[in-house]
Amino acid sequence: MAASAPNYWLFKTEPSSYSIHDLAKEPKKSTFWDGVRNYQARNLLRDDVQVGDRVFFYHSNTEPLAIYGTAKVTRKGYPDHTALDPKGGHYDPKSTTENPIWYMVDIKLIQVFPEPVTRERMQDEKILKDMMLLKRGSRLSIQPVTSDEWKTIHKLAGVDDR
DNA sequence: GCCAACGTTGGC
DNA sequence: GCCAACGTTGGC
């Protein structure tokens with residue numbers, strides 16, 4: 001039985017809270033992607049993101065705004081336990097062990113791009129113009145990406161698509 | 001720092 | 001269930 005083709009995603013993060021360099025510190029290890037507190041993004045994490053899927057790592061609220069590298073999904077959606085911890089910054093009293101509201105996945109670094117692919121650069125590329133990321137007011141922190149977009153951005157980064 | 005675009009909350 | 005007020009995100 002052939003493995004199904006991976007889906008592609010873009011995960012957005014503020015580097016001041018978590019950056020690709022944090023991920024790159026432990027390249028062999030999986031890290032959980034926690035703290036998503038938006039229902040649309042939650043649904044994607046819970047229902048659609050699969051083991052083996054590929055992920056672009058985008059930094060928001062920073063300079064330069066860019067995709068800095070890629071990661072691979074190593075565990076599919078499971079309850080985000082940080083919602084249960086009153087002392088943590090991601091606490092949500094509505095979430096319980098029996099009825100978790102929020103979900104997370106595990107990811108592992110694939111590669112840090114030698115040069116980040118900047119938002120500006122992406123805006124110049126006609127083939128990328130439909131990316132949700134580039135739309136005004138796009139706030140979704142987990143976004144689907146097409147395989148063409150995945151390939152194009154690797155070309156812009158000057159690296160192999162892994 | 002500004003502000004547009006969303007998402008959430010809460011009064012009715 | 002509507003919608004105004006408010007809070008947050010995030011590019012510019």
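By convention in this document, chain letters (A, B, ...) are assigned in the order of the sequence lines, proteins followed by strands, and residues within each chain are numbered from 1. All values below come from the heavy atoms of this structure, side chains included, with hydrogens, waters and symmetry mates left out.
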Q: Under 4.0 Å, counting only non-hydrogen atoms across every strand here, what does A:E63 touch: a base, just sugar-phosphate, or nothing?
A: nothing
Q: Whole Å only: how far is the NE2 atom of A:H59 from the P atom of C:dG11?
A: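 One finds 12 Å between P of C:dG11 and NE2 of A:H59, rounded.
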Q: Can you tell me how far P of B:dT8 sits from CZ of A:R42, to the nearest Å?
A: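 Computing the A:R42:CZ to B:dT8:P distance gives 10 Å.
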Q: Return the value, rounded to whole Å, for the distance between atom OH of A:Y58 and atom P of C:dG11.
A: 4 Å
Q: Tell me the side-chain hydrogen bond (donor to acceptor under 3.5 Å, both in side chains) pairs involving residues 151-162 of chain A, sequence neighbours left out?
A: A:Q111-A:R162, A:W150-A:D161
Q: Between C:dG11 atom C1' and A:R121 atom CZ, what is the distance in whole Å?
A: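 Atom CZ in A:R121 sits about 20 Å away from atom C1' in C:dG11.
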Q: Has the side chain of A:N61 got a donor or acceptor atom that lies under 3.5 Å from a matching backbone atom of A:E14?
A: no
Q: Show the distances under 3.5 angstrom between N or O atoms of the protein and N or O atoms of nucleotides 1-7 of chain C.
A:
none

Q: Evaluate the salt bridge (charged side-chain N to carboxylate O under 4.0 Å, His left out) criterion for residues A:K76 and A:D53: first the C-alpha distance (whole Å), next the side-chain angles of each, then the deciding distance (0.1 Å), finally the verdict.
A: CA-CA 9 Å; A:K76 79 175 248 92; A:D53 284 359; over 6 Å; no
Q: Without hydrogens or angle criteria, can the side chains of A:D148 and A:T146 be said to hold a donor-acceptor pair below 3.5 Å?
A: no
Q: Report the distance from atom CG of A:L133 to atom P of C:dG11, rounded to the nearest whole Å.
A: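 Rounded to the whole Å, the gap is 7 Å.
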Q: Could you give the CG-to-P distance, from A:L140 to C:dT8, as a whole number of Å?
A: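 Interatomic distance, CG of A:L140 to P of C:dT8: 19 Å.
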Q: Whether the A:Y58 and A:R119 side chains hold a donor-acceptor pair (N or O, under 3.5 Å, no angle test) is what I'd like checked.
A: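 Short answer, yes.
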Q: Taking the side chain of A:Q123 as its heavy atoms from C-beta onward, which of C:dC12, B:dT8, C:dG11 lies nearest to it?
A: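 Nearest to the side chain of A:Q123 among the choices is C:dC12.
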Q: What I want to find out is whether A:E125 reaches A:K129 closely enough, with some N-O distance under 4.0 Å, to be called a salt bridge.
A: no
Q: Whole angstroms only, please: what is the CZ-C1' distance between A:R136 and C:dG11?
A: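 Checked: the CZ to C1' distance equals 7 Å.
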Q: Quickly work out the A:L134 CG to C:dG11 P distance and round it to whole Å.
A: 10 Å
